[in-house]
Amino acid sequence: MAASTEPEAALSVLPRADGSATYAHAGYTVMGSVNGPIEASRRDEHPYEAHVDVIVRPAAGVGGTRERHLESILQSSLSQLILVKNFPRQLIQIVLQIEATPENDYVNTKLVQASLNFPVVPALLQTAILALLSAAVPMRETAASTVVAVVPQGAKRLLVDPVPRDLEAAHSVHVLAFTSQDELLLAESEGDFTVKEWDEVYEAAKEICCRPRTLDEENDVGPDLRHFLRTTLEEKVAEDLYWK
Amino acid sequence: MASSSSIALPGQLLGPASKFQPGPGTHIHQSNLYSSLLGVVHISQPAKAPGPTKRLTKITPAPAPAELPTVSVSRSGVSEKREVLPEVGNTVLCRVIRITPRQAVVAILICGDTVLHAEWQGLIRVQDVRATEKDKVKIYESFRPGDIVRAEVISLGDQANFYLSTARNELGVLLATSEAGNNMFPVNWKEYQDPETGVSEPRKVARPY
Amino acid sequence: MASTQHALLSPAELAYLHAALSLTPPIRPDGRSPAQFRPLVAETGILPGTNGSARICFADGTEAIVGVKAEVERTRGGYEGEIVEGGGAEEVVTDVNDEEKKGESDWVEMTVEIPGLRDDDATTAFLGAMISEALLADGGFSRRLWINRRFHWKLYLDILLISPPLSYPLPLLSLTTHLALLATRLPRLKSEGDEDPFFDDDWAAARYLYPRNKKDGKTTARPPVTLLVMAVGNNIIFDPAKEELAVADVALAVSIGEDATTAATATGDDASLMMDVDSTTAAAAITSARNLRLLSIRTIDPPSRLTPSGVPNATNTAYGAATTQKQPEARTAEAEAVEGVWRAPRGGAKPLVMAALVHKVLEKGGIADEVLDALHAVDLG
Amino acid sequence: MPLDTSAYSLALLRVDGRRWNELRRMHAQIRTQAAADGSSYLEMGHTKVMCVVTGPSEPGPRRSAVGASGGTGVGGGSGEAAQAEVAVSIVIAGFSSVDRKRTARGDKRILEMQSTISNALAGSLHTHLYPHSAINISLHVLSQDGSLLAALINAATLACVDAGIPMTDYVAACTAGSTSTYAAGDEAADPLLDLNQQEEQELPGLTVATLGESDRVAVLVCESRVQVSRLEGMLAVAVDGCKQVREILDRVVRDKGRRMVQEGTIEKGVGVNDMEID
Amino acid sequence: MPREIEPSLNEKQFVLQALQEKFRLDGRQFDQYRPLELTFGDQYGVADVAFGKTKILAKASAEVTVPYADRPLDGVFAIATELSPMASPAFEVNRPTETEVLLSRLLEKTVRRSGALDTESLCLVAGQKCWSIRVDVHVLSHDGNLIDTACFAVVAALRHFRKPDTSVEGGILTVYTPAEREPVPLSWLHSPFCVTWSFYGDRGEIAVLDATWTEEQIRVASCTISLNRHGEICQISKLGGTPVEAVALLQCTSIALTKAKDFSVFLDKKLAEDTKKRNIGGFMAELRSENDR
Amino acid sequence: MATAQPLYVLPGDTIDPSLIPTHKKLPLRLGPGLRHIPPSAIVPTVAGQLVADHKKNSMWVEYNGGRYIPAPNDLVIGQIQRSAADFYFMNLTPFTSNATLPQLAFEGATKKNRPQLASGALVYARVVLANRHMDPELECVSSSTGKAEGLGPLTGGMAFDVSLGLARRLLMARSREEGKVEILELLGAEGLAFETAVGRNGKVWVGSDSAKTIILVGRALRETDDGKLDVDQQKKLAKRLIREMK
Amino acid sequence: MTDRRRINGPVGATIPLVFEDVEDYEQVATKAARSRAPNAVRKMYLKTGVTPSASGSAYLEIETSGKGGVSGLKLSCTVYGPRSLPRSSPFSPHIILSTHVKYAPFATKQRRGYLRDPAERDLGSHLEAALRGAIIADRWPKSGVDIIVSIIEGDQDRETSKTQGDEAWDIMNALSGCITVASAALADAGIDCVDTVAGGVAALVRDTADSSPSIVVDPIPSEHEKILASCCVAYLPTRNEVTNLWYKGDLPASDMELYTKLVEKGIQASTNANRVLLECLGETVN
């Protein structure tokens with residue numbers, strides 16, 4: 001169901017930020033802004049490289065421990081991608097505002113709950129990367145990310161981009177990201193699972209993030225994120241360089 | 001009366017001030033010497049002719065009771081965690097953190113023979129980089145962030161920084177990293193060279209011993 | 001604590017001050033005698049909206065206001081059961097003896113406001129604790145708040161320092177609190193026994209928290225006062241100003257209370273009993289045979305420890321002294337104290353000195369007596 | 001309990017017996033505290049506030065950005081300010097209100113008042129004369145009975161005069177209200193001057209501060225729902241009230257000045273003994 | 001923390017000069033707003049509002065909680081305005097600036113204290129259970145006039161919002177999931193809007209609506225007037241700054257009223273459109289949930 | 001460029017060696033958006049269009065957007081934040097650390113007489129020194145000729161923000177042909193009297209006696225930029241604005 | 001201000017009721033009377049260098065009294081520094097001491113919050129006063145040291161019901177422990193001190209309503225019917241100096257005797273603690 005839908009994105013939507021993007025996929029909508037390189041506060045100034053500051057803000061309610069955790073995950077991954085050495089003592093500030101999350105019509109949600117939500121990570125990461133590209137922050141490479149859930153039974157045991165109801169049923173949830181060089185950038189897991197299961201998850205995720213799709217194949221493994229990223233950017237660049 | 005190389009505890013009597021000179025880790029209370037540290041007691045006999053070692057240009061009063069042996073309590077051997085405060089005259093090794101047209105900010109790593117745990121910050125002002133042609137000195141052509149520098153403490157400085165100087169031949173950059181990120185070797189008194197790219201960069205080079 | 005506000009004095013000034021204060025008799029910067037309080041202007045009952053209030057201005061301009069408010073509160077674990085089966089006041093009206101009138105320390109809530117300090121600042125906490133601990137030293141005070149088995153007064157003391165903290169504000173705040181409490185009145189209880197209390201809303205009928213006898217309107221039992229004493233050399237100096245504190249060898253805050261008689265403390269609100277008690281002690285008061293109580297003592301960390309030490313010429317590097325021992329751990333040269341060169345004090349104080357300080361406060365006709373006499377003089381409007 | 005406004009329309013007297021355009025008893029004095037550069041004590045009815053001004057002086061460590069305005073727009077900044085920063089701090093004593101409550105310093109209502117007072121005074125004080133410096137105004141609320149903001153502004157103005165900081169003119173403030181609650185849309189509603197606590201709770205009202213004798217409004221704060229048509233009436237009364245207040249403030253200053261001249265010396269810290277409080 | 005830099009002298013002088021010559025940088029009239037855009041999210045209670053380059057997203061949410069002890073018959077209603085660095089790097093997380101405090105106070109006074117939302121209707125079980133309605137205001141892009149934009153967004157979001165349906169039988173409270181019962185709108189009493197004037201000149205004689213960020217940085221005073229379309233003032237705040245003639249303020253108020261009425265009409269129109277759009281979607285949703293069961 | 005269809009790249013893409021220009025004498029010069037990984041790999045660091053200039057034996061990635069990063073010899077419009085003993089601290093883009101402008105780096109400035117500039121003043125300057133370790137350094141005088149060459153304080157007028165792309169195009173030697181932007185010329189041709197200074201840091205200063213003119217030029221620039229207008233559209237825009245003005 | 005650092009329980013949580021069953025009640029009623037001699041302190045265990053990451057550290061444990069269910073005192077202290085002061089702070093010719101005392105949430109009968117409450121701040125300032133007297137501050141200009149004491153177990157009788165025993169008295173024991181453990185940690189960190197400071201407590205107690213008051217060292221409040229006065233002393237043995245004195249209670253001012261005795265006993269308790277301290281330090285070296 002939700003998994004098969006294509007992601008949507010728009011770049012440089014915020015006129016006053018250095019770079020920005022919105023990204024919507026699998027029920028998640030995230031607005032991202034990037035400012036930088038700018039002057040870092042003494043506190044988080046690093047003498048030899050740029051400090052990447054990631055701020056995740058929930059759609060409703062105050063940010064809490066959960067957001068801090070997401071921020072730390074993203075911060076480490078993005079620092080890998082950005083050429084931080086180019087801007088010592090500088091700050092690259094990434095603000096990710098969650099605008100919408102998929103709603104589960106079958107339960108009433110509380111605002112603050114002590115649970116991680118991995119499924120939002122891919123959306124956050126993609127948004128961040130798009131925003132960084134729109135801000136023309138020098139990067140080593142790009143990346144793509146997805147979430148895989150292991151559900152007890154059903155047609156397929158692995159679910160890509162699971163919807164909330166699947167997550168409730170899932171034994172374990174995994175979020176993975178791969179760089180454009182097919183290297184594993186990020187892997188976080190939650191729940192109980194066997195090594196074998198994880199290997200399967202790894203393959204499935206890599207399939208989605210790395211394997212280029214042929215045009216004719218009907219797309220059931222999920223969207224071709226890499227291709228999506230490229231086309232989105234090409235449109236943007238072409239538009240910017242209309243005068244060339 | 002403490003025999004040499006025994007253990008002392010803070011507040012332990014070491015001897016009368018009339019017999020000893022107070023060294024590090026001791027203090028005087030009612031004309032007696034007491035230990036102020038938990039450590040090993042050392043008694044060093046005075047070096048003969050203790051006169052001023054350098055800067056003879058200065059008039060220095062003869063250090064009064066120099067003949068007495070110095071008693072000191074040192075942490076060495078007690079714990080590897082020993083912190084010292086850089087002192088005027090100390091030679092220090094430091095890493096360059098930030099440079100501006102006026103000064104280079106450094107983090108002091110080693111003071112004398114002690115590796116520091118806390119981060120003490122130092123400052124090499126443009127006029128203290130070298131002894132000659134001070135007005136021609138450009139910080140950017142003397143230091144780069146990441147360089148390892150040997151310098152001498154010239155003043156306790158302001159609240160945050162010790163003031164350091166590299167205005168001697170054996171002082172200056174010991175280890176330099178090139179823009180490309182490789183370790184370089186010194187080629188002359190004001191240049192380092194990148195072995196890979198062959199590009200050479202200006203530095204205030206320390207004369208190797 | 002005291003160390004938060006430094007007196008910005010040079011070693012030379014400190015040395016002079018210390019010398020002057022160590023003389024016999026000491027010469028204080030403002031010419032006071034050792035045991036003399038700074039002149040002050042005090043007034044009470046300035047705020048009709050409160051149960052009690054006071055305001056004190058020291059001549060040096062420091063100023064504090066204290067307001068007391070009382071609210072009726074249900075006592076935790078009140079004796080509901082009895083009421084139910086007793087079915088009314090009559091049954092329990094049988095007079096409760098004093099031991100039963102046990103007060104809880106949390107019946108009193110105290111807040112200290114010092115401009116420029118966050119209210120979770122150490123100084124604020126320290127001052128608050130010091131004043132309240134004196135107040136609660138024995139059960140006596142909170143017992144005054146006892147209404148009946150089920151209800152008690154909850155007393156809120158708000159202590160405001162209006163002026164910037166020029167000198168260590170402890171004496172000022174303590175005195176102001178003292179006066180405010182003296183002036184505090186609680187509505188007269190009309191209800192009886194353990195029934196829900198209701199009160200006489202005629203303010204004139206309200207009775208004082210610290211009752212006074214009808215003759216001279218003087219109170220007998222008095223709220224505690226905290227006095228600041230310090231020692232320099234062999235001198236004991238009272239109510240030190242900021243710069244005096246800056247050269248103190250040791251400083252103590254001593255809280256003393258005054259009881260009418262031990263009996264009186266127990267029955268703070270029993271008028272009939274008060275009367276005769278008063279007559280006796282009123283007489284006693286005149287012969288200043290006070291029944292002083294030592295309630296609390298705290299060492300005040302004197303800021304002198306944080307003053308910059310002077311450098312004797314001998315060791316002054318500026319004069320080219322020998323700083324050339326090439327020991328890596330060589331620190332600022334340790335030397336005998338040189339006459340006339342200020343040295344920030346090290347270590348603590350001899351127990352005897354401390355004892356002397358306390359004794360000086362408590363002895364007959366000592367500082368405590370003087371202060372209380374002075375406070376007696378303050379007219380309570 | 002809602003105010004019995006019918007009673008008003010009959011006797012044309014308010015709960016505390018005042019007429020519609022009457023100020024409450026207003027009493028003020030300056031130089032109440034020797035330690036401060038400037039100080040004042042002010043009563044409007046049973047609303048009692050104290051103000052202490054220190055400065056212009058070197059700007060201390062800035063506590064919160066709120067309630068500190070450097071004159072125009074985003075003024076200030078670490079020592080780069082072209083004009084002095086006016087920092088206001090308000091402490092509301094726990095015993096000031098009828099039922100004792102403790103107001104946290106972070107309270108946004110207080111922060112708002114702080115920045116209002118700061119901005120209002122910055123409009124009149126010649127802050128450009130003191131670049132890279134700070135004027136610290138600390139206000140203490142001892143008793144509340146309505147028109148708090150107005151009282152605070154007046155006290156602050158007096159204290160600044162006492163501190164001898166050059167200013168264009170007094171910033172004088174008072175409140176005005178309107179009989180019968182907003183729900184009753186009767187156009188017949190009369191304006192009232194200088195509301196007390198009870199009136200403030202029951203009736204729509206606003207606080208106005210004007211500069212000197214002009215009709216120019218420095219502060220206009222209305223926190224209650226009211227028909228637009230009634231604004232003009234209330235505003236007019238309030239502005240007029242401000243002028244009366246200005247007269248009173250001016251008298252206080254002049255009397256004090258005269259007394260100090262008589263004493264021959266401008267010695268500080270007289271306030272306390274001749275401060276009769278009722 | 002990097003601070004916002006002031007406009008250059010040239011800008012300050014020019015903007016002022018232009019205003020005196022009756023021009024604004026973007027060629028607007030003095031009392032003219034920038035083009036207003038309003039889009040509702042797919043979910044209930046999400047409003048995205050833009051005045052020119054100022055963009056604000058407001059999201060309303062509801063959860064069941066315990067009422068405050070001192071008002072057991074009222075629900076909880078809070079407006080959260082936390083400015084993130086997305087609006088400008090000058091804003092830090094968890095460090096409220098003056099802008100933020102004043103903004104939240106204004107929304108508080110305009111929407112909450114004016115009783116736009118009937119909080120008593122949020123009470124479920126007296127003293128035990130009630131709805132807590134919360135609006136989060138997210139400033140996405142800050143090009144001046146946050147107040148008017150935020151206020152509009154909050155009102156729009158709340159009027160668009162639907163909270164889960166509930167029932168109480170024999171003291172038992174049931175909260176129905178969206179699948180079980182269509183959510184229900186809040187009981188809304190009136191829609192206040194903020195209209196902010198910026199003043200220029202030594203005597204604040206020039207008054208301008210909907211100032212851009214540059215214009216805001218240069219103004220000498222501002223006055224925010226909140227009104228609803230019934231001609232009721234909900235709040236006025238001119239918090240200091242250069243004094244302005246009383247008469248001028250009265251004129252500002254009457255103009256503000258017309259603006260508030262325009263906003264009101266605009267919002268009603270948008271809401272109507274949205275419901276029309278949803279009814280179709282709603283029907284589809286019905287079908288889907290059928291299938292899921 | 002004569003490239004058939006533009007080649008778009010993303011960070012980390014591998015560039016087909018055939019595209020890398022080869023030249024006998026000149027060393028290969030890498031422009032913005034590319035980095036050289038020894039020994040021979042050349043990798044894009046930003047998303048954009050890969051452009052190679054075979055004559056100059058240089059290649060770079062063309063892109064628009066992002067924050068201005070100072071490079072030597074760029075012309076910029078800076079705002080004076082504060083002045084120290086012998087420096088002015090200049091702001092080039094908001095929230096970035098200040099650039100330094102020596103007070104002697106003005107035409108004919110000496111220790112005795114140096115320009116006194118208030119904080120907030122705008123200055124048209126050239127970037128002398130820009131490296132990642134230090135804050136950039138500016139000058140308002142050519143070190144070679146000692147002449148100002150149009151650099152120095154900008155008095156009056158108004159500074160408008162434009163995209164980095166437009167700023168760059170306006171600064172092109174042949175902005176009309178290469179940059180495809182001629183709105184300024186058009187307005188000038190329509191008889192508007194104004195002068196401009198373009199800063200690489202996305203600022204255009206417009207000076208004129210008439211506020212009206214300045215506003216109009218400003219709007220023209222903004223609309224050209226936001227609307228991504230080509231030359232013909234720019235013509236139309238110019239006409240329209242002039243009409244509105246009348 | 002909502003707590004964003006941790007996930008707190010839902011609003012309107014209720015505290016579970018504690019029922020005192022009969023024998024407990026009797027146990028309380030018949031107090032476990034003090035078994036030690038009036039001059040005897042409880043055994044204590046002290047060890048330095050327990051936290052490798054810190055510049056200096058120490059752990060102190062004081063045995064529980066004979067009676068079951070009564071927790072002893074468990075303290076751990078970490079010292080960080082000397083290290084450079086934060087850029088914001090002005091030049092200081094001395095080392096800047098900052099002391100933090102924090103009860104673990106579970107250390108006392110009533111659960112402690114995560115933020116330091118006034119009582120803990122007060123303890124902090126007492127500790128500061130006690131240590132400031134001991135260290136040689138001018139050895140470390142423009143540097144600072146952080147001393148953090150966490151009270152893991154608060155020396156409280158958990159069996160006694162809320163109404164009995166007053167935290168105020170327990171705090172005295174806690175403070176004396178803090179002083180001793182901090183002193184050990186300072187020595188371990190190699191910060192110059194004039195002497196080793198240690199804490200001691202003595203109290204004037206009344207065991208039965210009618211018995212005459214007596215002075216005991218290292219009192220356990222729950223062992224006595226009433227505590228009339230108590231004092232906590234921080235004492236430098238070799239210099240015979242007191243760096244911090246904290247007395248509270250209610251004594252007739254008329255006889256200073258009582259008071260002086262009380263302090264003497266406090267000093268005695270402190271010297272006992274000091275013996276343990278010196279032993280412990282001696283071990284660390286060998």
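So you know, we letter chains A, B, ... as the sequences are listed, proteins then strands, and number each from 1.
- The line from CD1 of A/Ile98 to NZ of E/Lys59 is 11.0 Å long, rounded to the nearest 0.5 Å.
- Taking a 6.0 Å sphere around CD of A/Glu8, one finds it holds 12 or fewer heavy atoms contributed by other residues, nucleotides or ligands.
- Each of A/Asp18, A/Ile38, A/Val95 was scored for a side chain to side chain contact (heavy atoms under 4.5 Å, CB included) with E/Pro89, with one residue passing: A/Ile38.
- A donor-acceptor pair under 3.5 Å is formed between the side chain of A/Arg57 and the backbone N or O of E/Glu82.
- Looking at A/Ala17, neither its backbone nor its side chain comes within 4.5 Å of chain E, counting heavy atoms on both sides.
- Note that the CD atom of E/Gln43 and the OG1 atom of A/Thr101 stand 6.0 Å from one another [nearest 0.5 Å].
- Contacts between A/Gln93 and chain E at a heavy-atom distance below 4.5 Å involve the side chain alone, from C-beta outward.
- Contact of E/Val93 with chain A is made through the side chain alone, with heavy-atom distances under 4.5 Å.
- Interface remark: E/Pro85 contributes backbone and side-chain atoms alike to the contact with chain A (heavy atom separation under 4.5 Å).
- The environment of A/Tyr242 atom OH is dense: over 12 non-hydrogen atoms of other residues, nucleotides or ligands sit within 6.0 angstrom.
- Heavy atoms of E/Leu140 lying under 4.5 Å from chain A belong to its backbone as well as its side chain.
- If you tally non-hydrogen atom pairs under 4.5 Å between each of A/Gly36, A/Ala59, A/Gly63 and chain E, the highest count goes to A/Ala59.
- Summarising the geometry, atom CG belonging to A/Asn35 is positioned 9.5 Å from atom CE belonging to E/Met86; distances are rounded to the nearest 0.5 Å.
- A salt bridge does not link A/Glu99 with E/Lys55: every distance from a Lys NZ or Arg NE/NH1/NH2 to an Asp or Glu carboxylate oxygen is 4.0 Å or more.
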